[in-house]
Structures are given as structure tokens and as C-alpha cells.
Novice: 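Handing you this structure, nothing more for now.
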Amino acid sequence: MTDVKIKTVQLKREITLVNGVAIIVGTIIGSGIFVTPKGVLEGCGSVGLALIVWTACGVLSLLGALCYAELGTTITKSGGDYAYLLEAFGPLPAFLQLWVNLIIIRPTAIAIVALTFAVYILQPVYPSCEPPDKATRLLAALCITLLSIVNIWKVRWATRIQDWFTAAKLLVLTLIIVTGLVLIGMGRIENFQNAFENTTKDASKVSLALYSGLFSYAGWNFLNMVTEEMKKPQRNLPLAIYISLPIVTFIYVLANVAYFVLVSPKELLTTTAVAVTFSNRIYGMMSWIVPVFVGLSCFGGVNGLIFTSGRLFFVGAREGHLPEFLAMIHMKKYTPMPAILFTGILSCIMLISDDIFALLNYMSFAQWLSVGASIVSMMYLRRTRPEMNRPIMFHWSIPSLFLIAVVFLLIVPLYAAPRDTGIGMIIILSGIPAYWLGVLWRKPNAIQKWITKLTIIGQKSLEVMHQEKDVNTLSP
């Protein structure tokens with residue numbers, strides 16, 4: 001009798017080490033490095049301290065990523081922070097993390113990066129003025145729609161887009177860095193003389209500079225969202241982290257050095273797009289290259305956000321915290337089609353809002369609270385469940401140092417922006433009644449039948465079904 005292999009309907013392990021590096025690097029390098037140097041310099045006051053802050057943000061991100069390497073190889077479920085909080089502290093804290101990602105963090109981040117993509121792509125068409133708002137929003141919506149379709153259609157297409165566009169970002173940043181280093185070799189070092197002149201002594205301003213820098217490093221924990229789809233995750237997840245963070249830190253610091261070669265501190269404080277200012281001064285007729293490549297960088301960033309966000313909502317639905325329909329997979333394409341569609345629709349809805357950028361003020365506090373809770377969960381599980389298999393376990397000083405930094409980043413907004421922090425907390429706590437209504441409440445039969453009917457209609461329309469358990473072989 002011969003064995004017959006059965007192809008199960010489930011997410012496939014298709015993400016390689018190279019894809020993992022591309023997801024981390026490509027998600028981190030979005031628009032931040034091209035626009036946030038102004039925010040860092042405003043807080044620091046001097047070139048020297050600004051470069052130190054950029055380096056410190058890289059080191060801090062690396063410490064956090066090392067902790068997530070341990071978490072991702074210990075708890076091998078997809079979902080990142082949500083999965084870790086669920087494992088350590090149960091359903092309510094995990095749901096609150098999922099809730100704030102659902103209503104603000106993920107759709108807002110996707111919409112903002114898509115808008116940034118649209119602005120930079122349209123800039124060569126409107127060189128002397130701002131692109132029309134309607135054209136910008138329409139192009140952003142097309143970007144989200146196209147990438148949602150790609151992510152639905154095939155995992156390999158999505159990972160290849162991530163690989164190609166990550167290469168494009170690294171190419172334009174390498175061009176900027178090489179240009180800066182050549183100019184330094186030619187003696188252009190006047191902006192580095194007295195590098196610490198005008199350094200601020202206000203700790204709150206330096207902390208805000210750290211916030212701006214860390215915004216540009218956001219995304220270092222996104223690979224943990226897709227652990228179940230990685231090939232050899234216990235090897236490739238930590239290895240991707242070890243490779244990616246030093247690359248990003250090295251590039252970010254050298255890119256800022258290059259900026260300061262051509263753009264003085266005073267001039268940098270007056271521009272919202274330092275990379276474009278740099279390009280206009282040195283590349284002449286070819287200056288359009290940088291804004292176009294910044295747009296392509298954002299395009300890759302949107303792809304990474306959609307890819308990982310769809311998996312987060314898929315895992316949440318699989319655990320019963322979101323509608324059952326979102327936990328289903330396409331029967332032939334093996335992608336979480338409903339969850340990705342849901343992510344794309346939410347993100348496009350966010351484009352309608354005129355105050356979308358104001359939501360950024362509420363995102364940072366919620367994000368760092370989520371990260372801090374995950375580190376606490378790691379330390380808690382070390383103590384309460386020492387028998388868990390831990391292929392990687394770092395010295396206790398690494399999570400402790402990172403947790404101290406996270407606590408600092410949570411305390412500073414209470415002083416610097418109490419209103420925004422308060423609104424952020426209200427949004428998080430609004431998840432408690434949502435948890436009762438959506439998860440705990442036993443719905444009447446009439447409502448349950450209606451939900452089941454809609455789910456079946458959705459299944460038939462999209463050809464999706466629940467993820468099957470592993471089937472190895474069957475004998476006929």
C-alpha cells in the first residue's frame with residue numbers, strides 16, 4: 001500500500017531567512033529616516049547629540065529585538081505581542097492589545113505610510129506646490145488596494161515585493177551615504193566643527209528626540225507576527241534580527257552624517273523632508289530620484305504592514321477574539337484572505353479622516369505599553385514556567401535594561417503630552433466593554449443564527465475555510 005500525501009488548508013511555511021530580513025528592514029525603513037531627522041535635531045539642539053541619539057535608538061531597538069528573539073522562539077505562535085500576552089496573562093490583556101491595534105495602530109499606520117507614498121510619488125508632477133489632497137488620497141487608496149490584492153493572491157508575491165522594495169530603499173540610502181562620504185573626503189566638514197554647540201540641557205526635549213528617533217526604528221518586532229509561516233523559525237527568526245538591526249542602525253547613522261554634510265542644522269530645522277533638500281542640492285536634474293525612491297520605500301513599508309497586520313487579526317480571530325470569518329484561509333491560495341481584506345478596508349476608511357495624523361499622538365503610548373507588557377510577560381514566564389523550551393535565553397540584564405527604557409518612554413508622555421496620553425489610555429480601556437460584548441456575552445439564538453448565516457455566505461463567496469490541522473499521510 002502506498003502513502004498518499006494530503007494537502008492541508010493552512011498557512012504554509014514560505015518565509016525564508018532573506019524574506020525575514022527584508023520584512024524587518026523593509027518595515028523599519030519607511031518614511032522615518034527621510035523626514036524625522038528634524039524632530040531629533042529639534043530635541044537635541046546639536047549635531048553631535050543628534051547622532052548620539054540616533055545610535056542610542058538603534059542600540060535600544062536591538063535590545064528589544066533580542067528579547068523578542070527569545071519570545072518568538074519560546075512561544076512559536078504568530079501574532080507577536082498578542083500571542084505573548086495571551087500565553088502569560090490570559091485573554092483580557094491580549095484582547096486589549098488586539099483592540100488598540102484594530103481600531104488605531106494598524107489601519108492608521110498603513111494609511112499614513114500610504115499617504116506619504118502618494119505625496120512623494122506625486123512630487124515630481126507638482127514640483128512647485130503641494131499635490132492636490134484628493135489626488136493624494138486616491139493614490140494612497142490605490143496603493144493599499146493593490147497591495148491587499150497581492151497579499152491575498154500569493155504569499156510568494158508579497159515576500160518578493162518586500163525583497164525588491166527593501167533593496168530599493170537600501171539603494172537610495174547607500175547613494176545618499178556615499179555622496180556624503182565623498183563630500184567629507186573633499187573637505188566638507190564645516191557642519192561637524194563644534195558639533196556639540198547649542199546642545200540642549202532639557203531632559204524632556206532629549207526624551208522627545210528619542211521618541212522621534214524610535215519612531216523611525218519602529219517595526220523591529222514585526223517578524224514575530226508571522227512566526228508560523230517561517231521556515232526553521234527557531235533558527236531564522238533570531239538570525240534575521242541579528243542581521244537586520246545592525247544594518248538599519250549603521251545606515252541610519254551614516255545617512256544622518258550625510259545629511260549634515262550638505263544641510264546645516266538651521267536649514268534642517270526648516271525642512272520637513274531633509275532627503276529631498278539634500279537631493280535638490282547635489283543631484284541637479286536627477287534630483288527627482290530621491291523623492292521617487294522615498295515613495296517606493298513607503299510602498300514597501302505598506303506591503304510589510306498589510307502582510308503582518310493580516311496575520312495579527314487572523315490569529316486574534318482564531319482565538320475567538322474577532323469574528324470567526326477572519327480566522328479562515330483561502331482553499332487554494334493558502335492566505336488569510338478575509339483578515340487581509342478587513343485590514344485593507346479599515347485602512348482605506350482611515351484615509352477619509354482629515355485628522356488621521358493626529359492619531360499618531362495616541363499610537364506611541366499604546367505601542368510602547370504593548371512592548372513593555374510583552375517584556376514583562378517574558379520575565380513572568382521565566383519565573384512561573386521554567387520548564388518551557390527556550391532555545392534562546394539572554395542574561396536577565398538585557399530585558400531589565402530594555403524594560404527600564406520602556407518605562408521611561410511611558411512616563412515621559414505623562415509629563416510632556418498628558419492629554420494625548422490620557423486619550424490613548426481611554427482608547428485602550430474602551431476595549432473592556434468591547435471584550436464583554438464580543439467575547440463574553442452569550443448572544444441570543446436569533447443573533448447567533450444571523451452571524452452564522454453571514455459567515456457561511458462569506459465562506460462561499462470567497463472560497464475560504466477554517467485552517468486544518470496537520471495531516472501527514474493516509475493509506476488508501
Novice: Measure the acute angle between the ring planes of W368 and W220, then classify it against the limits of 30° and 60° as parallel, tilted or perpendicular.
Specialist: tilted
Novice: For F222, which residues count as a ring pair (Phe, Tyr, Trp, His ring centres under 6.0 Å) partner, sequence neighbours excluded?
Specialist: none
Novice: May I ask you to decide if T227's main-chain N or O and S78's side chain share a donor-acceptor pair within less than 3.5 Å?
Specialist: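 The answer is yes, because a donor-acceptor pair under 3.5 Å joins these two groups.
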Novice: Could you work out, with ring pair (Phe, Tyr, Trp, His ring centres under 6.0 Å) as the rule, every residue matching F342, not counting sequence neighbours?
Specialist: F313
Novice: Does anything in residues 178-195 form a side-chain hydrogen bond (donor to acceptor under 3.5 Å, both in side chains)? List the pairs, not counting sequence neighbours.
Specialist: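 Every side-chain hydrogen bond (donor to acceptor under 3.5 Å, both in side chains) pair that includes a residue of residues 178-195, provided the two are not neighbours, is T179-Y283, R188-E190.
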Novice: List for me each residue that meets salt bridge (Lys or Arg N to Asp or Glu O under 4.0 Å) alongside R281, sequence neighbours excluded, and say none if there are none.
Specialist: E267
Novice: Do you know which two heavy atoms are closest between I177 and A255, and how far apart they sit?
Specialist: CG1-N, 3.7 Å
Novice: Tell me which pairs pass salt bridge (charged side-chain N to carboxylate O under 4.0 Å, His left out) where either residue lies in residues 229-241, with sequence neighbours left out.
Specialist: E229-R311
Novice: Among residues at least two apart in sequence or on other chains, which ones pass side-chain hydrogen bond (donor to acceptor under 3.5 Å, both in side chains) with E42?
Specialist: none
Novice: Check salt bridge (Lys or Arg N to Asp or Glu O under 4.0 Å) between D202 and all other residues, then give those that pass, not counting sequence neighbours.
Specialist: none
Novice: Sequence neighbours excluded, which residues qualify as side-chain hydrogen bond (donor to acceptor under 3.5 Å, both in side chains) partners of S370?
Specialist: D81, Q97
Novice: Can you name the ring pair (Phe, Tyr, Trp, His ring centres under 6.0 Å) partners of F260, sequence neighbours left out?
Specialist: none
Novice: List the residues meeting side-chain hydrogen bond (donor to acceptor under 3.5 Å, both in side chains) with S430, not counting sequence neighbours, and say none if there are none.
Specialist: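 Applying side-chain hydrogen bond (donor to acceptor under 3.5 Å, both in side chains) to S430 gives W99.
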Novice: Taking ring pair (Phe, Tyr, Trp, His ring centres under 6.0 Å) as the definition, give me every residue that meets it alongside Y252, ordered by chain and number, with sequence neighbours left out.
Specialist: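 Expected list: W54, Y217.
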Novice: Answer yes or no: are there more than 12 heavy-atom neighbours, outside I189 itself, under 6.0 Å from its atom CD1?
Specialist: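 Atom CD1 in I189 is not crowded, with 12 or fewer foreign heavy atoms closer than 6.0 Å.
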Novice: T308: what forms a side-chain hydrogen bond (donor to acceptor under 3.5 Å, both in side chains) with it, not counting sequence neighbours?
Specialist: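 side-chain hydrogen bond (donor to acceptor under 3.5 Å, both in side chains) list for T308, sorted by chain: R106.
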